[in-house]
Amino acid sequence: MPTEFPDHSDALAKLVGEPSGPVELSPEAVNSAMIRHWVEAMGDRNPVYLDREAARAAGYRDVIAPQTMLQAWIMKGLRHTLDLEAARAAGTVASNDANSTMMALFDDEGRTSVVATNCDQSYVRPLYLGDRLLVRSSIEAISDPKQTGLGHGRFATSLMEFFAVSNEVAERGVSAEELVSQAELVGTMRFRILKFRPGTGATAVVAKPPRPRPAITEDNAFYFEGLRAGELRIQHCTDCGTLRHPPLPGCGTCTSLNWDYVVSEGKGELYSMVVNHYPQVPAFDYPLPIGLIELDEGTRLVANLEGDPESWAIGQRATAEIRALDDELSLPFFHHDDTQED
Amino acid sequence: MTSHAFAGKVAIAGIGATEFSKKSGRSELRLAVEAVKAALDDAGIHPSEVQGTVTYGTDTNPDVDIARSLGFDDLTFFSRIYFGGGAACGTIQQAALAVNSGVADVVVCYRAFNERSGNRFGAGVQGRAPIANAENAHLASYIPVGLLTPAQWVAMAAARYLYSTGATSEDFGRVAVADRKHAATNPKAWFYQQPITLEEHQASRWIVEPLHLLDCCQETDGGQAIVVTSVERARDLRQDVVIVDAAVQGSAKGQDMMTSYYRDDLCGLPEMGVVARQLWETSGLKPSDIDAAILYDHFTPYVLYQLEELGFCGKGEAKDFVKDGRIELGGELPINTHGGQLGEAYLHGMNGIAEGVRLLRGQSYNQVEGAEKVLVTAGTGVPTSGLILGKDV
């Protein structure tokens, strides 16, 4: 059970509406080089982003930036982010803005894991070459604690308001805060995250992947079909009567290619066995005992053994129980045969 | 059976290998090219003289890529042998057949892979797409059950062997101890200067009962090549001549790939019996003529099986044969003097052939003094192959 965590609801409520940090000015104006990279990467062939004639034909005064680039214009790049992270870790930058405070409170509540859940953008007007963007961010909402599939957490929504000024205005040396007051709102973005306590969600137990599938050919299909029908089938030569397993197209005893099958009683003797420890494949539980069972009909087969591996020894009697693992695959599992002692 | 036509007329003229590592940092093809070049240099044969190539069906390095990399001229023979490590000595047989029949004068056999840093055989076949063909259908009996790795396939037979013969895990361990003892004095071996004790073998963790970690060979990045030509030609070359006295393949009734669980018993390797029968009959030699043996050792149990199938001891007697240092240097039958695949490197058996050659040239780090006949085997549990190599006299 997780330890007791403090509840910072009151302190968090005070942060709602606060600016997340200072207003930021985009490093450069909207430009065709970045647009070209974006549309190439996205595979967006709409000509209005690069071709002035096409843009005009579509009713714009010039080429426009793809609307979804809204946030891209103010991003400062990976190096900046890494440097900032390093500086924070070293304690050389203050992290007392509202966003940092909120994150620290979440962490203190034990909500150290994070996942981005939503990102919604709305656009007021298209962005044209030469527009210089400003962004003002604030904390719009912090939810009450909620039990989610991922864990016990809170949702936090950041509101980012994007403004545009012309490049000339931006270059006048006025502060970003002051520029915003004379700028035009061009779009908004709401970014929602979930901060949660790791290991407290419904998905904390990862579903076991299904067992790897057998390759089915015309030669062995009857065997796996039989298992799905609840039958352990053994191939039978209709000319000389020899039983054989694993399935093959021909009879090694008489060379006949004619065959059908008999249904085994599913009883036999453990001829050999192993207990698998490594490597551990996620579809199976380990230690994994596997037996080579000599059926009373005379053929052998490899199958899983039930129960404690230590309870099994070569020579013991075993009985098959056919179980469906899923819609596609059924297999025989052998358990100790209690009805017969030898 | 009489002697094979090539017996005594074909020689191994060159051997060459890369270093043996856990991460080569080079492509598998580069390893193959390096090994082939080293083997040709060892022989003193120019690449343009190579007329034939042989490799494994599982090797990823096309002969033509090696040919282009090293400037080979026209090739008149190119062959591949399937069944994993069972191919090892079979490559030499293919080369011998080609050389002796006049199809190709110089044939290079090679095997190279990044088996540790790349595709690890020990990881298992659970990721194999269930495409409908016979090779995959063979695995259908084992994949859904979780019997997925070579260690697990061998362990199923080994458990029955212990039950039937009264051998113990310690008897398997004695093979590992001998191999690691030899590797400890072979600077090329991955486990150079790292011998183990039987206690360490017993204390190593289970991989798949009844096999401990130290029953299982390591995984390796590396390449090994062998140059085969006529005895006549070899006598004019750089190295002492090593003669192919016998080179044979064997697959036996009820044969399966790694999972021959449906024969009368699981205490033999009948395919190695087929190899043994031919080795003795075509060479005219007998077990007591053999000075050292390189026995395929991906997993220790099958070394015991091989000692029995090859006639070095009787059925069920290998557990006694491996005792008292008999298989170690100075013993009655030193095995795997390079350290084997457990100690030197897992090169699908190809490095064992090279060690056989070194023993006959007097170049082994663990030289068996006066060695004149060395027996080499290939992968076990699969259709396999074997060699008897002899000193030129």
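Atom set for the values below is all heavy atoms of this structure, side chains included, hydrogens, waters and symmetry mates excluded. Chain letters run A, B, ... following the sequence lines, proteins first and then strands; every chain starts at 1.
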query = Which residues in residues 157-177 of chain B have a heavy atom less than 4.5 Å from any heavy atom of chain A?
reply = B:Ala159, B:Arg160, B:Tyr163

inquiry  = Going by side-chain contact (heavy atoms from CB on, under 4.5 Å), name the residues that satisfy it together with B:Thr149, two or more places apart in sequence or in a different chain.
reply    = A:Pro279, B:Ala151, B:Gln152

query = Excluding sequence neighbours, so at least two apart, what forms side-chain contact (heavy atoms from CB on, under 4.5 Å) with B:Tyr82?
reply = none

Out of [options], return the one with the most heavy atom pairs under 4.5 angstrom to chain A.
{"options": "B:Pro210, B:Pro144, B:Ala123", "answer": "B:Pro144"}
{"options": "B:Ala132, B:Gly146, B:Ala155", "answer": "B:Gly146"}
{"options": "B:His138, B:Arg263, B:Lys253", "answer": "B:Arg263"}

Mind listing the closest non-hydrogen atom pair of [X] and [Y] along with its distance?
{"X": "A:Tyr271", "Y": "B:Asp265", "result": "OH-CA, 3.5 Å"}
{"X": "B:Leu147", "Y": "A:Ile290", "result": "N-CD1, 3.6 Å"}
{"X": "A:Phe284", "Y": "B:Ile143", "result": "CZ-O, 3.6 Å"}
{"X": "B:Trp206", "Y": "A:Tyr278", "result": "O-CD1, 3.4 Å"}
{"X": "A:His245", "Y": "B:Ser141", "result": "NE2-OG, 4.4 Å"}

Counting neighbours of [atom1] on [X] that are heavy atoms of other residues, nucleotides or ligands and sit closer than 6.0 Å, is the number greater than 12?
{"X": "A:Glu265", "atom1": "CD", "result": "no"}
{"X": "A:Asp308", "atom1": "CG", "result": "yes"}
{"X": "B:Asn133", "atom1": "CG", "result": "yes"}
{"X": "B:Glu135", "atom1": "CD", "result": "no"}

Residues in residues 211-234 of chain A that sit under 4.5 Å from chain B, counting heavy atoms only = A:Arg211, A:Pro212, A:Arg213, A:Pro214, A:Ala215, A:Ile216, A:Thr217, A:Asn220, A:Phe224

Heavy-atom proximity to chain A below 4.5 Å, by part of B:Tyr142 = side chain

key: Spatial distance of atom CZ (A:Arg300) from atom OH (B:Tyr262) [nearest 0.5 Å]   = 9.0 Å

query = Is it true that a side-chain atom of A:Asn276 and a backbone atom of B:Val208 form a donor plus acceptor pair closer than 3.5 Å?
reply = no

request  = Side-chain contact test, heavy atoms from C-beta onward, threshold under 4.5 Å: evaluate it for A:Val281 versus B:Leu148 and give yes or no.
outcome  = yes

request  = Decide yes or no for A:Leu292 and B:Leu266: does some side-chain heavy atom of the first lie under 4.5 Å from some side-chain heavy atom of the second?
outcome  = yes

query = side-chain contact (heavy atoms from CB on, under 4.5 Å) between A:His277 and B:Glu209: does it pass, once the steps are laid out?
reply = CA-CA 8 Å; A:His277 293 265; B:Glu209 296 174 54; 2.7 Å; yes

note = Most heavy-atom pairs under 4.5 Å with chain B, out of A:Leu329, A:Leu325, A:Ile314, belong to A:Ile314

remark   = Honestly, the part of A:Val302 sitting under 4.5 Å from a heavy atom of chain B is both

